[in-house]
Structure formats: C-alpha cells, structure tokens
Amino acid sequence: MDEELENFSPNSYNEHKMLFNAEDFDLKFVHNGTIVDGDIDDELEDKYRQKELGKDYRLIEADIQLTDDISFYYYRKSIMIPDEYDENSKETVLQTFEHAMI
C-alpha cells in the first residue's frame, strides 16, 4: 500500500502519545552528535516515559510494536512497514500512525 503523507512534520508530543499507546517499543536518540540506543541504557527509555529526558536528546528511531502481530519502524519523517504484511495489517499501521501523528 502506497500512501503519501503531505505536509507532515514530526511533533514530540504526538510521538510520545503514539509510543505510549503501543504495546512495546525500542528507541534510539541523538545526543551531542552521537546515536544512543535506548536498549543499552534502560534509564533513557524510563526518563522518556516520564517526560524527564532533556531536550538535548532527540528521538530519531523507534521500533513500535502495536500488537503481537503488528509492528513498524518510525524514523521521524517516515515509517517502514514490513513488506510481508497483508493489506489489513498495513492499513492498521497507517491508521494508527495517522491518528496519533496527524
């Protein structure tokens, strides 16, 4: 399914809301020019959950698990949906993303 999102701009508040409606997620940030993996430092994801992470950390990637069967990657200005998903699963990802972010 090809769908173009026009005039989309990432929004930190909506990103946070989208992630916390997910079943699970893994995050990556940029901090002082270095990519920091939230899997390596659990404290980062905990601080992100509590909205205590400083503005010097910028979310750049999220592996978002919506359900046991459906997940996608979020890259700030794009998303990646696995090719093997059927049309219903792809539509679920797109609707969830659009509802949270647009």
Side-chain angles (χ1 to χ4, degrees):
M1 170 180 289
D2 293 335
E3 184 162 329
E4 187 172 322
L5 302 174
E6 295 181 20
N7 301 318
F8 172 71
S9 179
N11 174 296
S12 297
Y13 174 79
N14 288 348
E15 288 172 342
H16 195 268
K17 183 175 70 172
M18 175 178 62
L19 289 167
F20 286 95
N21 286 323
E23 191 172 285
D24 192 21
F25 55 83
D26 294 314
L27 307 177
K28 289 186 182 175
F29 303 91
V30 169
H31 176 68
N32 294 330
T34 303
I35 295 176
V36 182
D37 192 334
D39 280 345
I40 295 171
D41 186 351
D42 289 334
E43 202 172 293
L44 284 177
E45 289 186 357
D46 289 340
K47 285 184 178 180
Y48 185 83
R49 281 185 182 96
Q50 300 301 319
K51 296 184 180 181
E52 296 174 351
L53 199 58
K55 293 185 186 249
D56 53 335
Y57 284 87
R58 184 159 182 97
L59 179 67
I60 59 163
E61 179 183 318
D63 179 357
I64 302 170
Q65 187 79 33
L66 296 177
T67 67
D68 287 339
D69 299 329
I70 300 175
S71 65
F72 68 100
Y73 288 96
Y74 171 66
Y75 299 104
R76 296 266 321 153
K77 292 201 174 195
S78 66
I79 61 174
M80 184 179 75
I81 304 169
D83 290 335
E84 65 270 11
Y85 281 4
D86 63 25
E87 291 302 313
N88 288 334
S89 296
K90 290 178 182 178
E91 186 64 29
T92 297
V93 169
L94 286 172
Q95 286 178 358
T96 300
F97 179 77
E98 289 176 344
H99 178 73
M101 298 298 289
I102 298 176

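Between the Tyr85 side chain and the Glu91 main chain, no donor and acceptor come within less than 3.5 Å of each other. A donor-acceptor distance shorter than 3.5 angstrom exists from the side chain of Gln65 to the backbone of Asp68, with no hydrogens or angles considered.
Within 6.0 Å of CZ on Arg58 lie no more than 12 heavy atoms contributed by other residues, nucleotides or ligands. Within 6.0 Å of the CD atom in Glu52, the count of heavy atoms belonging to other residues, nucleotides or ligands exceeds 12.
The shortest non-hydrogen separation linking His31 to Val36 is CB-CG2, 3.9 Å. Nearest heavy atom pair, residue Met18 against residue Ile64, reads CE-CD1, 3.8 Å. In this structure, Asp37 and Leu27 approach most closely via the heavy-atom pair OD1-O, 3.6 Å. Nearest heavy-atom pair across Ala62 and Leu19 is CB-CD2, 3.9 Å. Considering all non-hydrogen atoms of both residues, Glu15 and Leu59 come closest at OE1-CD2, 3.8 Å.
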Handout entry: Asp86 vs Ser89, side chain to side chain contact (heavy atoms under 4.5 Å, CB included): CA-CA, chis, key distance, verdict
Key = CA-CA 5 Å; Asp86 63 25; Ser89 296; 3.1 Å; yes
Exercise for the section: Walk me through it: do Phe25 and Tyr74 pass the test ring-ring contact (aromatic ring centres under 6.0 Å, His included)? Expected result: CA-CA 10 Å; Phe25 55 83; Tyr74 171 66; over 10 Å; no
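Ring planes of Tyr57 and Phe29: perpendicular class, angle over 60° (limits at 30 and 60°). The aromatic rings of Phe20 and His16 are tilted relative to each other, their planes meeting at an angle between 30° and 60°.
Rounding to the nearest 0.5 angstrom, the gap separating the CD atom in Gln50 from the CG atom in Leu53 is 11.5 Å. In this structure, OG1 on Thr67 lies 12.0 Å from CG on Asp24, to the nearest 0.5 angstrom.
Under the 4.5 Å side-chain criterion, counting only non-hydrogen atoms from C-beta, Lys51 is in contact with Tyr13.
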